[in-house]
Amino acid sequence: MKTQTYRAGLDIGGTFTDLVLVEPDSGRLHLHKQLTTPANPADGALLGLKQLLATHQLELMQVAELIHGTTLITNAIIEQRGSDTALLTTRGFRDILEMGNEQRYDIYDLFLRFPTPLVPRRHRLEVNERMTRDGEPRQRPNLDEVCAQVEQLTAAGVEALAICFLHAYRNPEHERLVAERIRAEFPALAVSVSSEIIPEVREFERTATTVCNAYVQPLMDHYLRQLEQGLVAGGFRGRFYLMQSSGGLATPETARRFPIRFLESGPAGGALISAHLGVALGAPDLLSFDMGGTTAKACLIQGGRPDTASVMEAGRIHRFKSGSGLPIKAPVVDMIEIGAGGGSIARADSLGLLKVGPQSAGADPGPACYGLGGTEPTVTDACLHLGYFDPDFFLGGRMALDARGSAAALTRLGENLDLNSDEVAWGIYRIVCENMAQAARVHIIEKSQDPRRFPLMAFGGAGPAHAARVARLLGAPEVIVPQRPGVAATLGFLVAPASFEFSRSIPAAERSLDWNEINSLFEELETQARDILGRSGLGEEQMRFERLADMRFVGQFHEIEVAVPGGILSAESSATMVKAFEAEYARLYHTALPGYEPMVLNWRLRGIGPTPDLRSAFHYGGDEGRTDDLARALKGTRRAYFPETGHLEVKVYDRATLPSGSALAGPVMVEEPESTTIANPGDSLSVDRGGNLRIQVNQA
């Protein structure tokens with residue numbers, strides 16, 4: 001039997017499915033990229049994996065570990081194609097999904113709309129039960145009555161059930177009683193319980209998160225079963241993990257229980273690889289910039305770690321308006337998403353102005369240049385027309401682009417704008433760069449940071465072609481393009497540790513904290529974390545734990561995450577936490593509030609396994625396999641347009657043979673099968689010892 005030694009990453013995106021295979025000894029990487037199959041993403045993923053392995057005379061049984069990221073959950077909520085779901089809630093809270101938090105996300109919109117609840121009102125049933133805010137049972141639920149209600153729901157075709165009772169975060173007894181009885185009598189029903197999913201305060205957020213989890217549970221189970229069956233049929237016998245939104249790995253069993261933790265499964269990988277490579281390069285503070293076929297994502301990396309958040313949104317009415325979607329309380333890598341990808345469609349609006357995105361041509365029908373039926377001009381069409389892409393070298397020559405199709409699509413749009421095709425193409429490119437720079441600038445400034453001090457780590461199929469222009473607009477000093485940028489997010493899966501975060505709300509002012517209760521809580525959470533990590537194949541000695549607290553001043557609405565000391569907690573620990581909270585508050589808001597009392601809202605514990613090291617795959621500190629002959633790397637020239645120079649012949653280099661230490665003056669292009677890097681006029685491009693492209697951006 002062949003030895004299981006290879007590690008593989010699999011990322012299903014909106015346009016392309018990316019696959020990476022790592023050799024066990026050399027760390028050498030093998031890459032594969034193909035169009036996603038939207039009707040059934042698992043089919044394309046399995047086919048791509050088979051093709052990648054066949055290319056290198058390998059079999060699935062030789063893959064010891066497969067790590068997968070997917071947009072399945074995000075798409076299901078956006079498109080509202082989850083399961084028929086019901087909600088059991090405390091009497092009087094049936095309409096919490098419509099009531100929300102009574103906040104308007106746009107105070108000037110007179111026709112404001114909010115997402116349609118995932119559970120219709122007829123499937124929201126009230127239970128006669130009550131728990132006080134301190135966790136004291138006041139009225140126990142009648143389990144027979146509850147089962148009668150659920151029987152009516154199943155008869156109506158309900159497949160999933162969310163249980164969310166008032167103050168269950170403080171005492172989950174009533175939820176557990178009801179859940180145990182329902183699971184015993186209705187084993188085919190997918191049941192999500194708020195005290196298991198997100199035991200935190202704020203009824204709307206807790207209910208919405210639990211409902212979303214239930215809504216996609218059967219879908220996730222079906223998808224994973226189909227994927228696992230396909231893998232096993234192909235001979236796979238290794239470990240299978242999925243990427244969480246938080247940047248940690250989890251087993252399929254965990255994904256089936258907590259599918260909402262995988263809402264931003266794929267994008268997290270890009271932030272992880274940026275942090276990993278940034279530390280190796282001595283640049284622990286940078287901006288991760290990932291531009292693919294459908295969207296662009298930016299994430300701030302500070303101290304070698306991606307910024308994280310405890311809440312995100314799904315199914316927004318206005319995709320890029322915060323507050324217009326469903327609040328999901330789950331740990332997530334904190335990134336800004338911009339409707340700017342290679343497939344973003346350009347159009348003329350009602351005022352006759354050129355607009356780009358957020359609609360995308362995706363993989364089907366794709367940009368006009370794909371020749372798959374798409375007729376609308378996209379960002380990829382603009383780049384091809386400007387001369388930034390080689391139509392015969394897209395995906396290394398595996399997919400030829402139709403330059404005439406792009407020109408025709410751009411010309412048709414130009415007729416509505418009174419512009420020629422060159423002007424339309426540059427307008428599209430410029431607008432999409434402006435949109436990305438504006439969004440990234442706001443994202444960074446909201447974190448009390450200066451965009452001008454963060455280099456860009458650029459990757460994704462389209463990222464290296466736009467990053468230098470985005471950096472110039474941001475005032476950023478440098479762009480770093482790592483090796484294999486076209487599949488960098490998938491590489492991020494391979495540097496992710498197994499991890500899981502648990503939380504619990506015990507709201508109390510700092511001087512009123514019950515340290516015996518808090519110590520008992522952390523013991524309980526650590527036990528749960530050990531169980532989850534143990535199921536991922538980790539031994540006790542491989543686990544470490546981080547304690548955190550969400551703190552704010554009494555009377556405030558927003559919290560700040562603060563580290564909690566290890567060991568037995570006491571009043572001395574409280575003083576340490578308060579000092580850290582006040583320092584972080586001053587850093588974020590540039591003010592202090594003397595005399596106001598701090599409080600803790602939530603307590604968190606992260607269980608984390610060891611972080612794999614992928615740096616050997618990037619040959620840091622050496623020049624292995626590289627020639628010293630710069631002339632050999634020159635592929636030729638290509639006519640391209642830049643506003644600083646107009647049309648001119650630009651040198652094009654092959655990245656695979658471009659030697660370390662090379663220094664090139666812009667404009668210049670560097671090609672590889674999955675992407676093209678562009679240095680603009682006035683910029684300079686060099687290759688460091690690790691093979692990374694470094695663009696010094698001219699800010700004059």
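Keep in mind that the numbers below use all heavy atoms, side chains included, and drop hydrogens, waters and symmetry copies. Everything numeric here is computed off the predicted structure, so don't read it as measured data.
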Side chain of [X], backbone of [Y]: donor and acceptor closer than 3.5 Å?
X: Asp290; Y: Ala296; result: no
X: Thr17; Y: Gly44; result: no
X: Gln217; Y: Arg256; result: yes
X: Asp18; Y: Asp11; result: no
X: Ser245; Y: Glu264; result: yes
X: Glu313; Y: Ser324; result: yes
X: Arg124; Y: Leu87; result: no
X: Thr85; Y: Val119; result: no
X: Tyr215; Y: Gly82; result: yes
X: Ser194; Y: Cys164; result: no

Got a salt bridge between [X] and [Y], using NZ or NE/NH1/NH2 to carboxylate O under 4.0 Å?
X: Glu434; Y: Arg441; value: no
X: Arg170; Y: Glu175; value: no
X: Glu337; Y: Lys297; value: no
X: Arg94; Y: Glu126; value: no
X: Arg202; Y: Glu559; value: yes
X: Asp109; Y: Arg104; value: no

I need the minimum non-hydrogen distance between [X] and [Y], along with the two atoms involved.
X: Gln556; Y: Tyr585; answer: NE2-OH, 2.8 Å
X: Ala214; Y: Ala160; answer: O-CB, 3.1 Å
X: Val201; Y: Pro507; answer: CG1-CG, 3.8 Å
X: Tyr370; Y: Thr380; answer: CE1-CG2, 4.4 Å
X: Ala271; Y: Cys299; answer: CB-SG, 3.9 Å
X: Asn213; Y: Ser192; answer: ND2-OG, 2.9 Å

With a 4.5 Å cut-off on side-chain heavy atoms, are [Y] and [X] touching?
X: Pro331; Y: Ser310; value: no
X: Ile428; Y: Leu354; value: yes
X: Ser246; Y: Val332; value: no
X: Glu561; Y: Arg604; value: yes
X: Asp381; Y: Glu376; value: no
X: Ile73; Y: Ile77; value: yes
X: Ile445; Y: Pro451; value: yes
X: Leu548; Y: Val562; value: no

So, [X] versus [Y]: side-chain donor-acceptor pair below 3.5 Å or not?
X: Gln244; Y: Glu501; result: no
X: Thr251; Y: Thr254; result: yes
X: Asn602; Y: Ser503; result: no

Please determine whether salt bridge (Lys or Arg N to Asp or Glu O under 4.0 Å) holds for the pair Arg225 and Glu228, giving the CA-CA distance in whole Å, both sets of side-chain angles, and the decisive distance to 0.1 Å. CA-CA 5 Å; Arg225 187 182 302 113; Glu228 287 173 315; over 6 Å; no
Which residues pass the salt bridge (charged side-chain N to carboxylate O under 4.0 Å, His left out) test with Arg587, not counting sequence neighbours?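 Testing Arg587 for salt bridge (charged side-chain N to carboxylate O under 4.0 Å, His left out), a comparison that skips the adjacent residues, returns Glu584.
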How far apart are the C-alpha atoms of Arg183 and Glu196, what are their side-chain angles, what is the distance that settles it, and do they pass the salt bridge (Lys or Arg N to Asp or Glu O under 4.0 Å) test? CA-CA 14 Å; Arg183 284 167 174 160; Glu196 297 174 2; 3.4 Å; yes
Run the side-chain contact (heavy atoms from CB on, under 4.5 Å) check on Ile560 and Asp550 step by step: do they pass? CA-CA 5 Å; Ile560 294 173; Asp550 294 338; over 6 Å; no
side-chain contact (heavy atoms from CB on, under 4.5 Å), that's the test. Do Phe204 and Arg206 meet it? Break it down for me. CA-CA 5 Å; Phe204 172 52; Arg206 184 161 57 92; over 6 Å; no
Once rounded to the nearest 0.5 Å, what's the spacing between atom [atom1] of [X] and atom [atom2] of [Y]?
X: Phe240; Y: Leu10; atom1: CZ; atom2: CG; value: 7.5 Å
X: His276; Y: Ile301; atom1: NE2; atom2: CD1; value: 12.5 Å
X: Thr70; Y: Leu263; atom1: OG1; atom2: CG; value: 11.0 Å
X: Ser536; Y: Phe500; atom1: OG; atom2: CZ; value: 10.0 Å
X: Cys212; Y: Ile328; atom1: SG; atom2: CD1; value: 3.5 Å
X: Leu224; Y: His68; atom1: CG; atom2: NE2; value: 7.5 Å

On the 0 to 90° scale, with breaks at 30° and 60°, tag the Tyr429-His466 ring pair as parallel, tilted or perpendicular.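 Parallel: the ring planes of Tyr429 and His466 meet at under 30°.
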Parallel, tilted or perpendicular: which one describes the rings of Tyr105 and Phe114, with boundaries at 30° and 60°?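 Taking Phe114 first and then Tyr105, their aromatic rings stand perpendicular (interplane angle over 60°).
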With Arg133, which residues qualify under side-chain contact (heavy atoms from CB on, under 4.5 Å), at least two apart?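 With neighbours one apart ignored, the set is His167.
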Flag the pair Phe93 / Phe165 as yes when their ring centroid distance falls below 6.0 Å, and as no otherwise.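 They do not qualify: ring centres at least 6.0 Å apart.
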Does Phe493 have its ring centroid less than 6.0 Å away from the ring centroid of Tyr241?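 So the answer is no for these two rings.
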Among Ile197, Asp221, Ile532, exactly one meets side-chain contact (heavy atoms from CB on, under 4.5 Å) together with Arg257. Which residue is that?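 For Arg257, the side-chain contact (heavy atoms from CB on, under 4.5 Å) test succeeds with only one of Ile197, Asp221, Ile532, which is Ile532.
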Check against side-chain contact (heavy atoms from CB on, under 4.5 Å), Asp95 and Arg121: CA-CA 8 Å; Asp95 296 318; Arg121 196 171 191 272; 2.7 Å; yes
If you apply the rule side-chain contact (heavy atoms from CB on, under 4.5 Å), what do you find for Leu249 with Ser499, and how did you get there? CA-CA 6 Å; Leu249 304 182; Ser499 72; over 6 Å; no
Is it true that, when you exclude [X] itself, more than 12 heavy atoms of the residues, nucleotides or ligands shown sit nearer than 6.0 Å to its [atom1]?
X: Arg504; atom1: CZ; value: yes
X: Glu98; atom1: CD; value: yes
X: His590; atom1: NE2; value: yes

